[in-house]
Amino acid sequence: MLSENVSGLEASATLAVAALCRQLRAQGRDILDLSAGEPDFRTPNFAAEAGIASIEQGFTHYTPVPGIPQLRDAIASYLESATGSRIDPAGIVVSNGAKQALFNACFTLFGPGDDVIVPVPYWTSYPEILKLARATPVMVRPADGAGDKLTVADLQAAVTPATRGIILNSPANPSGAVYSLEELDAIVRWAAGRNLWIISDEIYGRLCFTAERAASILDLDPSLLERAVLVDGASKAFAMTGWRIGFSYCAPKLAATFNALQSHVTSGAAAASQYAAVAVFAHEPRVQESVTAMVRLFRRRRDHLVTAMREHVPHAVFSVPDGAFYLFFRVDSCYGPGRNGSVEFCSWLLEKTGVALVPGIAFGDDRAVRLSYAAPEAEVLGAVDRIAAALR
């Protein structure tokens with residue numbers, strides 16, 4: 001009999017699809033895997049070289065739990081430069097990926113009896129992390145036509161005396177929705193007026209197609225952010241998923257509690273990874289050049305993908321993503337025998353065409369599926385052709 005701590009826990013759907021794709025490829029199947037949640041780019045050479053240099057120089061021992069001072073200072077400077085806000089490095093806790101930063105925040109802020117509002121569609125780990133904290137995720141679906149973004153009206157309809165917080169994600173996984181500064185301001189003001197916690201997951205913030213970066217909670221009036229936690233990291237914008245560097249930023253007193261929790265779970269992040277991350281959070285032209293090149297390519301893929309979907313799969317319903325690298329589209333009009341629901345649809349599609357997508361039920365919407373265009377454009381457009389042929 002397992003502990004109640006994990007009794008309702010579900011494995012990551014995205015990782016499960018990736019594992020199945022590897023298995024099918026090993027069997028000789030021609031698989032187009034568009035389930036990945038990571039950029040298909042190499043880590044910038046200057047960052048990799050910084051990590052290698054740290055190993056060669058013997059920086060291979062335990063690191064301070066909240067991160068090496070050089071990295072915390074670099075992140076603080078990075079955030080100050082981006083938002084104009086004054087950032088105290090004491091509020092930064094470097095973690096083993098942004099996922100651990102989210103866990104630290106949820107496990108510290110919420111517990112049994114607490115409700116936490118989660119927008120639908122959501123990143124698959126949000127509800128599972130909240131369950132581990134014994135809190136209750138409250139799924140709130142924006143109105144159709146709202147671009148997969150919550151409004152104050154949606155929140156007002158969902159709030160209860162048990163509500164303790166909200167998780168926001170912009171640009172969002174899986175929808176690619178990006179909240180404007182005005183939309184963020186309205187939500188955070190509403191939450192601050194009710195003493196609710198805001199966790200703002202901004203890991204895709206630099207992968208924005210409408211501006212140099214998406215609006216951040218740090219762009220708002222600092223008086224609104226006393227009960228706010230920013231989560232970000234190096235994984236997406238700098239193609240460093242395997243280096244496992246995330247961070248949170250909040251009031252220093254709360255950060256000290258995150259630090260204490262992390263000290264008993266994993267301790268500090270790997271030394272070489274942190275020294276590599278110092279290089280990408282530095283103020284250097286080559287950093288911006290690397291991000292700009294990636295965003296330019298993702299935007300082009302998005303544009304070509306949207307055109308191909310509208311032409312060849314016209315019954316798929318979606319909002320054009322303004323950030324990240326996913327297209328989340330409804331396919332429920334194509335459901336039928338053998339593909340009744342997003343799980344059966346994705347299984348049918350993988351078996352019939354070799355195209356791997358992620359079922360929308362993993363993100364709270366069983367009507368839809370997620371396609372990642374973090375893959376060569378020929379593969380992305382080839383997958384659209386296969387999907388169109390199968391549905392015909």
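Heads up: numbering here begins at 1 and tracks the sequence. What you see below is based on every heavy atom in this structure, not just the backbone, and it leaves out hydrogens, waters and symmetry mates.
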field: Listed once per pair and sorted, the salt bridge (charged side-chain N to carboxylate O under 4.0 Å, His left out) pairs that draw on residues 340-355, sequence neighbours left out
entry: Arg29-Glu351

- prompt: What's the spacing between Leu207 CG and Arg299 CZ if we round to 0.5 Å?
  reply: 10.5 Å

statement: For Glu212, the side chain to side chain contact (heavy atoms under 4.5 Å, CB included) test, sequence neighbours excluded, returns Gln288

- prompt: Is there any salt bridge (charged side-chain N to carboxylate O under 4.0 Å, His left out) pair reaching into residues 98-114, and which pairs are they, with sequence neighbours excluded?
  reply: Asp114-Arg164

In a table with atom names and distances, give each donor-acceptor pair under 3.5 Å that connects a side chain of residues 65-75 to protein atoms at least two apart or in another chain.
unit_1, atom_1, unit_2, atom_2, d
Arg72, NE, Ile92, O, 3.0
Arg72, NH2, Pro89, O, 3.2
Arg72, NH2, Ile92, O, 3.1

query: When you look at CD of Glu4, are more than 12 heavy atoms from neighbouring residues, nucleotides or ligands closer to it than 6.0 Å?
result: no

query: Does Ser77 have any side chain to side chain contact (heavy atoms under 4.5 Å, CB included) partners at least two apart in sequence or in another chain, and if so, which?
result: His283

message: Looking at Lys236 and Glu38, is there a salt bridge between them, counting it only when a charged N and a carboxylate O are closer than 4.0 Å?
response: no

query: When you check the gap from the basic side-chain N to the acidic O, do Asp365 and Arg141 get nearer than 4.0 Å?
result: yes

Which donor-acceptor pairs under 3.5 Å do side chains of residues 311-329 form with protein atoms, sequence neighbours excluded?
unit_1, atom_1, unit_2, atom_2, d
Tyr326, OH, Tyr204, OH, 2.6

query: Is Ile361 isolated, or which residues cluster with it under the ILVMFWY side-chain rule of less than 4.5 Å, directly or via members?
result: Val343

- request: Would you give the length of the straight line joining atom SG of Cys334 to atom CG of Leu391, rounded to the nearest 0.5 angstrom?
  value: 4.5 Å

query: Can you check whether Asp40 reaches Tyr373 side chain to side chain, under 4.5 Å on heavy atoms?
result: no

- prompt: When you check the gap from the basic side-chain N to the acidic O, do Arg213 and Glu202 get nearer than 4.0 Å?
  reply: no

Please table the atom pairs, donor to acceptor, closer than 3.5 Å between any side-chain atom in residues 125-134 and protein atoms at least two apart or in another chain.
unit_1, atom_1, unit_2, atom_2, d
Tyr126, OH, Asp201, OD2, 2.5
Glu128, OE1, Glu10, N, 3.1
Glu128, OE2, Lys131, NZ, 3.3
Arg134, NE, Asn5, OD1, 3.3
Arg134, NH2, Asn5, OD1, 2.5

- prompt: Side chains of Leu225 and Ile217: does their closest heavy-atom pair fall under 4.5 Å?
  reply: yes

field: ring-ring contact (aromatic ring centres under 6.0 Å, His included) partners of Trp348, counting only residues at least two apart
entry: Phe345

statement: Residues passing the ring-ring contact (aromatic ring centres under 6.0 Å, His included) test with Tyr179, sequence neighbours excluded, are none

field: Partner of Leu196 under side chain to side chain contact (heavy atoms under 4.5 Å, CB included), chosen from Ile187, Thr163, Val188
entry: Thr163

Donor-acceptor contacts under 3.5 Å from residues 50-63 side chains, at least two apart:
unit_1, atom_1, unit_2, atom_2, d
Ser54, OG, Gly51, O, 2.6
Thr63, OG1, Ala269, O, 2.9
Thr63, OG1, Gln274, NE2, 3.1

- prompt: Does Val229 share a hydrophobic cluster with Val118, counting links as ILVMFWY side-chain heavy atoms below 4.5 Å and allowing steps through other members?
  reply: yes

- request: Evaluate the side-chain proximity of Leu230 to Ile199: yes if any heavy-atom separation is below 4.5 Å, no if none is.
  value: no

- request: For residues 210-244, pull every pair meeting ring-ring contact (aromatic ring centres under 6.0 Å, His included), keeping only residues two or more places apart or in separate chains.
  value: Phe238-Phe281

